[in-house]
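Working notes for the structure below.
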Amino acid sequence: MDFKQIISHCKEYGFVYQSSEIYDGLSAVYDYGPNGVNLKNNLKQYWWRSMVQMHDNIVGLDSAIFMHPKIWKASGHVDAFNDPLVDNKDSKKRYRADQLIEGYTDKIEAKIKKDVEKARKKFDDFDEKMFRETNGRIVERQKKIDDVLGRMNSMLAAEDMEGLKNLIEELEIACPESGSRNWTDVRQFNLMFNTQLGNIAGEDGKLYLRPETAQGIFVNFLNVSKTSRQKVPFGIAQIGKAFRNEIVARQFIFRMREFEQMEMQFFVRPGTEMEWYEAWREKRMKWHEAIGSPAEKLRFHNHENLAHYANAASDIEFEFPFGFKELEGIHSRTDFDLGAHQELSGKKLQYFDPELDKNYVPYVVETSIGADRMFLAQVSHCLREEEVPDADGKATNRTVMKFHPAIAPIKCAVLPLLKNNESLVKASKDICDKLRLAVDIQYDEKDAIGRRYRRQDAIGTPFCVTVDHQSLEDNTVTLRDRDSLEQTRISIDEINSQVLAKTSMEDLLLSTK
Ligand code: GAP
């Protein structure tokens with residue numbers, strides 16, 4: 001499905017709405033509807049349980065969004081959490097310089113893809129890797145992409161704003177709105193939102209909305225390690241809102257101004273961080289594959305230009321409808337954050353290691369994923385159009401969301417065959433009363449049964465229970481499977497246990513171990 005269809009499906013079926021829509025919307029801010037909130041909660045549960053419930057040495061935290069402003073000074077966000085911006089003087093539109101340049105290389109990449117697809121159609125035993133490595137035109141284009149991105153990354157790392165402006169001019173990049181190349185200089189723009197404490201005027205009362213949840217974990221390191229009696233290596237996990245004043249906010253919920261992060265900081269003995277970094281990379285990839293994201297849609301991207309606090313960093317990228325993009329970051333952050341807070345707060349943030357008989361500031365390996373990006377990855381991968389046989393065996397199209405049953409927003413729908421048959425309705429409602437104690441359900445009596453199945457397919461409900469005349473005679477119902485379309489007759493007494501077993505997170509959690 002293309003990206004536009006995904007966005008409109010999300011709206012039509014109550015997954016995601018534009019925020020403040022009746023006031024023409026607020027850009028890059030979104031609300032989750034009834035199915036969306038269930039799906040997002042289930043994804044958060046999956047993350048939380050695989051971290052906190054499945055590890056003796058990972059504990060949870062829920063720190064406040066507002067924190068002492070010095071925290072953001074120590075973390076480097078006040079001075080360095082910037083995006084390079086450039087304005088087009090004719091359209092007055094503002095862009096991120098790096099995204100303009102990436103837009104340029106994306107176009108070259110699109111041309112490469114076109115050539116690859118053409119060749120694929122031509123040759124039976126097509127070898128894409130070999131074609132990309134040997135076709136002269138593609139090799140040239142790839143060289144251009146690598147050169148431009150390489151230069152851009154060096155300039156970003158060196159904060160060379162003049163270099164970025166020159167690169168935009170050299171590549172003759174035009175404003176997508178006005179078509180002109182009339183650019184201002186490139187400037188740094190801080191991404192943190194700020195607000196004011198009620199009783200203090202001026203700079204002293206300035207508060208920031210946290211741009212990441214991680215700092216709440218760092219500043220609670222002592223509290224948590226003391227009160228949980230955890231020994232290094234151990235982790236602290238947190239899910240919570242983060243805020244960034246993204247300038248170019250596009251691609252739906254991929255880049256939002258208010259979003260949710262699921263972050264885990266793993267505190268380790270200095271010198272062991274690379275082993276843990278590798279271990280967490282592997283574990284996190286497994287977590288993505290277990291939920292059904294196919295291996296070919298996932299890849300690691302190793303950072304070449306490391307942030308000043310990191311000694312290794314990589315992203316897990318997912319193939320979104322607009323290409324491979326960052327879904328999760330895994331960073332070896334050394335002792336930078338704890339060290340910086342120790343220095344600015346004057347409080348020792350150290351751990352006494354009984355085995356080594358000494359104190360040290362632990363090193364940290366972080367895993368950080370956006371809940372909203374994970375949501376988008378799942379929705380874009382699971383939403384499909386497919387041909388299936390209808391009741392008479394004729395081919396028909398259906399729209400279906402093939403979520404893993406454990407994360408589907410509704411686990412089972414209960415459908416009386418006829419809505420104006422009191423006995424069928426009553427039997428169905430009795431089933432609902434019991435089944436809702438176990439899982440999220442939906443009761444639906446409107447329209448023909450086929451249309452009701454399609455409605456459930458469109459929101460990814462893995463099972464439908466249909467109550468028919470036979471149910472009244474022998475206490476059985478049909479249980480329809482979303483994927484195989486098989487309908488099996490089961491006893492009403494077995495519904496809860498069967499649906500629970502088929503939709504539980506247990507197997508999923510086991511496969512992430
Ligand atoms: N504590 C590390 C950190 O915040 P990051 O790479 O800036 O690292 C981590 O963010 C993850 O948060 C990203 O991989 C992405 O999934 C998510 N994320 C970041 N900015 C986002 C935004 N504007 N909208 C939605 N998700 C975002």
Side-chain angles (χ1 to χ4, degrees), residues 16 19 26-30 32 40 43-44 47 61 63 65 67 71-72 74-77 80-83 96 98-99 156 189-193 208-219 235-266 277 280-281 284-285 287-288 293 298-303 305-310 312-318 320 322 324-334 336-338 340 364-380:
V16 183
S19 158
L26 185 63
S27 139
V29 187
Y30 291 90
Y32 286 85
K40 195 174 175 205
L43 288 169
K44 290 195 286 186
W47 184 87
L61 179 76
S63 69
I65 288 172
M67 292 193 272
I71 286 171
W72 304 111
S75 67
H77 284 83
F81 194 53
N82 300 320
D83 271 351
R96 258 174 65 176
D98 54 332
Q99 288 183 347
L156 287 171
F189 176 89
N190 194 284
L191 294 185
M192 280 196 294
F193 282 102
Y208 296 100
L209 270 70
R210 65 179 179 201
E212 63 172 12
T213 59
Q215 298 304 322
I217 294 180
F218 290 123
V219 298
I236 304 177
Q238 165 156 242
I239 299 180
K241 288 270 181 158
F243 304 83
R244 295 183 188 178
N245 200 357
E246 301 282 1
I247 290 310
V248 185
R250 20 167 221 189
Q251 292 159 333
F252 193 38
I253 56 173
F254 180 80
R255 195 176 300 285
M256 302 156 89
R257 297 203 163 103
E258 174 182 337
F259 57 100
E260 221 163 347
Q261 285 187 317
M262 310 193 278
E263 297 200 294
M264 195 277 299
Q265 313 293 319
F266 201 70
Y277 170 71
W280 277 108
R281 269 166 51 101
R284 293 304 303 148
M285 193 54 109
W287 184 89
H288 286 284
S293 298
L298 291 162
R299 72 181 185 195
F300 283 113
H301 166 76
N302 297 330
H303 291 204
N305 297 306
L306 293 173
H308 55 286
Y309 54 77
S314 49
D315 298 333
I316 292 180
E317 292 187 337
F318 179 81
F320 289 96
F322 37 84
F324 272 99
K325 297 276 174 210
E326 173 185 346
L327 171 57
E328 168 157 9
I330 298 149
H331 313 123
S332 171
R333 293 179 75 126
T334 67
F336 171 82
D337 301 86
L338 286 181
V364 170
V365 173
E366 162 186 81
T367 74
S368 174
I369 176 170
D372 312 272
R373 262 185 213 181
M374 185 60 199
F375 183 109
L376 182 57
Q378 280 298 305
V379 165
S380 55

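If you read the sequence from its start, that first residue is 1, and numbering goes on from there. Counting starts at 1 for both ligands and their atoms, following the listed order.
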Can you see which heavy atom on [X] is nearest to which on [Y], and at what distance?
{"X": "Ala74", "Y": "Ala340", "answer": "O-CB, 3.4 Å"}
{"X": "Arg210", "Y": "Lys241", "answer": "NE-O, 2.6 Å"}
{"X": "Ser314", "Y": "Arg281", "answer": "OG-NH1, 3.0 Å"}
{"X": "Glu263", "Y": "Trp47", "answer": "O-CH2, 3.3 Å"}

Glu212/Arg333 salt bridge by N-O under 4.0 Å criterion: yes

Would you kindly specify which portion of [X] sits under 4.0 Å from ligand 1, judged on non-hydrogen atoms: side chain, backbone, both or neither?
{"X": "Met262", "answer": "neither"}
{"X": "Glu328", "answer": "backbone"}
{"X": "Glu212", "answer": "side chain"}
{"X": "Met374", "answer": "neither"}

Starting from [atom], locate the nearest protein heavy atom and write down its residue, its atom name and how far away it is, to 0.1 Å.
{"atom": "atom 15 (C) of ligand 1", "value": "Arg373 NH1, 3.4 Å"}
{"atom": "atom 9 (C) of ligand 1", "value": "Ser368 OG, 3.0 Å"}
{"atom": "atom 18 (N) of ligand 1", "value": "Phe259 CE1, 3.5 Å"}
{"atom": "atom 8 (O) of ligand 1", "value": "His331 CE1, 3.9 Å"}

I'd like to check whether [X] has a polar contact with ligand 1, where a contact means an N/O of the residue lying under 3.5 Å from an N/O of the ligand.
{"X": "Ile369", "answer": "no"}
{"X": "Glu246", "answer": "yes"}
{"X": "Pro211", "answer": "no"}
{"X": "Gln261", "answer": "yes"}
{"X": "Ile253", "answer": "no"}

Judged by heavy atoms only, the candidate from Glu317, Glu263, Met256, Arg257 nearest atom 23 (N) of ligand 1 is Met256

To atom 4 (O) of ligand 1, the nearest of Glu366, Glu326, Arg244 on a heavy-atom basis is Arg244

A student checking ligand 1 against Phe254 at a 4.0 Å heavy-atom cut-off should list atoms 24 (N), 25 (C), 26 (N)

Atoms of ligand 1 under 4.0 Å from any heavy atom of Arg333, numbered from 1 in the order shown, are 1 (N), 2 (C)

Does ligand 1 have any atom that is closer than 4.0 Å to a heavy atom of Leu327? yes

Strictly under 4.0 Å, does any heavy atom of Lys325 approach an atom of ligand 1?
no

Per ring pair (Phe, Tyr, Trp, His ring centres under 6.0 Å), Phe375 is matched among Phe320, Tyr32, Phe254, Phe259 by Tyr32

Side chain to side chain contact (heavy atoms under 4.5 Å, CB included) with Trp287: of Ile369, Thr367, Ile316, only one passes, and it is Ile369

Checklist entry - Mind checking whether Trp72 and Met67 have side chains closer than 4.5 Å, heavy atoms only? => result yes

Please step through side chain to side chain donor-acceptor pair (under 3.5 Å) for the pair His77 and Gln215, ending with a clear verdict.
-> CA-CA 10 Å; His77 284 83; Gln215 298 304 322; 4.8 Å; no

Asp315 vs Lys325, salt bridge (charged side-chain N to carboxylate O under 4.0 Å, His left out): CA-CA, chis, key distance, verdict: CA-CA 9 Å; Asp315 298 333; Lys325 297 276 174 210; over 6 Å; no

